[in-house]
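Taking it in order: structure first as structure tokens, then the write-up.
We count residues from 1, following the sequence as given. Read the numbers this way: they start at 1 and go in the same order the structure lists the ligands and their atoms.
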Amino acid sequence: MTSWTQPWLARIPEARRKQIGLTLLIIAALLFPILHDNDADIDSMANAAAYATLALGLNIVVGFAGLLDLGYAAFFAIGAYTYGLLTSFQLEPPWSPFWEPFRQVGLVSQIAGDSGGMAVHFTLSFWIALPLAAAVAAFWGMVFGAPTLRLRGDYLAIVTLGFGEIVPIVVRNWSDLTGGAAGLNGVAAPKLFGWSFGVDATPYYYVAIAMVALLIFVSLRLRDSRIGRAWMAIREDEIAAAAMGVDRTRFKLMAFAIGAAFGGMTGVFYVAKLQTATPEMFGFPVSVMILVMIVFGGIGSVWGVVLGAFILQLLQSWWLKDLTTWLNAAGRLVHSDWLAHVDLVPSIELIFGLILVGMMLFRREGLIPATRPQAALSFDQQHAEVRRGGFKDLELEGLGGERRSGETAMAIRDVTVRFGGLVALNKVSLDVPVGSVIAVIGPNGSGKSTLFNVITGLVPAESGAITFHGDELTNLPPHEILKKGVARTFQNLRLFGNLTVLENVLIGQHARLNTGIAAAILRPRSTRDEEAEAQRWAMQIFGIFGNRLVPRIGQMVTGLSYANRRRTEIARALASRPRILLLDEPTAGMNPAETLELAEQVKSLNQLGLTVLLIEHKLDVVTTLADRVYVLDHGEIIAQGTPAEVRQDEEVLRAYLGRNAQAAAAGVAVNA
Ligand code: ADP
Ligand code: MG
């Protein structure tokens, strides 16, 4: 960009610039076939658009939800054959009265069969086939997805690779149904108000462009919704996502289904355009090519994957041929026999490979990176936010508000957890009264974090029971436990790394929001209100930490200081409107001033009526905050009482401080 354009471009607001860019893009896309009247080129563009829709579908699975799928072309095939079979001469069952109602609505017609009698000819409309094939592919997406739910990374990739291979093999061998390797016979071209598309590339081009536009819209809407956030949470940290209320099974299957639906629709389009289908069109190389397009364009980036698909597809159909011609001409010029006869087109896979390696080395995040870091607030905005905040003035309605009544909020009874031979918790019992702060202390490896894990459903209890306000929590899935009002932080920070501070805290609200797929896409008034309310609540939570987080809500959490990451994690847990907050060593890694500040904040939260269960190493924090202390050692509770009582306990001093009790007592006394 030259320097003189910068001022006037900068003067246009960003939203307006995007609008102008989008309008120009749409106009260019609509005018292309009119201005560039070359059927072969229009056809190449239509193909490129079809690959863009495939890339958008795979991007939902791989880019948003982080599930590496190497067999995506299977859904492309399923969509293709769904349409191909229902609108070709492939299947011709004998006519019977059963088909009469279908004939009346135009789904089948009657033709003369091979054996003299009448036969059925399927004539499903292209326009009905699009949603139908999407639904069929979505169904198979869930069927293929279900067995992979517990798998991640390499294992998931291998299983999906298997499914990707199975589909073309079934198609090839079930030749009665599919025509086998010879392909489908006589697929009908789409018709619009009685006019057939035929073999002219232009109508297909417009359909493909419309599909790309629709799927970009759907992808963007999903990405910026509760659903997209849940997918990205799973991608960033599955365990933390579950602990923050995301139902992993549901959202993974949803990603598989929606991704597959995009693929199924594209299959219909592709077969309609080619008017045949063969198993070779849907093999492993196709899945890999779509994946390369995504990586090239930017994993998780909606506009990026579209751009990646167009560039790589046009590279294949336009530029490689041109480049070959030029190289050959250059070869003749310099009398290089090799250069004069080289043909780049068959080396397309090699070229894809080189592009991939190049991208990994020089631009990992792709052409258009998915992460969109927002600028931090300006100084004035910060000032306004911070002044608006000031913790004591906040009414955090819907947080805590429970008065100390002597009632038990959480009761843990004889809970035992075993890892193989190791007994991490041995018949642990503990009571957390409503509105109290209960601390759990103990040496490293004594089972404190395991206690939190068993409460929040991340490890199973071998025996014993945990109840919360009378509800049984034992062995519920983590997201159900969060729904009941139990939120936690992790000792070894488990934030959603490639998301912003605000997004992390919005994900914390997942269980309290209702937006489903349809609402996310259509974004009715109720959904917009819900999102606005979610943002407002997030800002209130940030206010708790004064000006620590407010100026940084648009930044990636990976760029934050350690203490701010801890605060973000607490904010994320608070966002879920918990009735009890479980803090696992919240001040670890903080300096004394920060520790004191956080202790004050926890105390204030407790005064608002939030019940707190706290694991803490720093004894002064425990002393100032806790109403009651439980001491764990080797998975057993060895002492309990007020902080003062516990501090005097000889056994505690021996276990906890691991040295001469007398000296330790002196040390603790000084410390306190
Ligand atoms: P603390 O938080 O008190 O330091 P932990 O609860 O993390 O202790 O660990 C208690 C014991 O359980 C340790 O010996 C630890 O190695 C073991 N442990 C914790 N989680 C697991 C696990 N997922 N698999 C096997 N052993 C574990
Ligand atoms: Mg621990």
Taking all non-hydrogen atoms of both residues, which atom of Gly259 and which atom of Tyr72 are closest, and how far apart? O-OH, 2.7 Å
By ring pair (Phe, Tyr, Trp, His ring centres under 6.0 Å) - contacts of Phe163 (at least two apart): Phe144
Is it true that the NZ or CZ of Arg565 lies under 6.0 Å from the centre of Tyr562's six-membered ring and within 45 degrees of the ring axis? no
Could you please provide the protein residues found below 4.0 Å of ligand 1 on a heavy-atom basis, arranged by chain and number? Phe419, Leu422, Ala424, Pro443, Asn444, Gly445, Ser446, Gly447, Lys448, Ser449, Thr450, Gln491
Lys NZ or Arg CZ of Arg572 over Phe496 ring: under 6.0 Å, within 45°: yes
Qualifying residues under side chain to side chain donor-acceptor pair (under 3.5 Å), relative to Arg250, sequence neighbours excluded: none
Distance below 2.8 Å from the Mg ion (ligand 2): how many protein N/O/S atoms qualify? 2
Regarding Arg248 and the six-membered ring of Phe251, is the cationic atom NZ or CZ under 6.0 Å from the ring centre and inside 45° of its axis? no
Out of Asn498, Ile227, Leu499, which residue meets the side-chain contact (heavy atoms from CB on, under 4.5 Å) rule with Met232? Leu499
Can any side-chain N or O of Asp627 pair as donor or acceptor with the backbone N or O of Ile438 at less than 3.5 Å? no
Do the side chain of Glu636 and the main chain of Ile638 share a donor and acceptor less than 3.5 angstrom apart? no
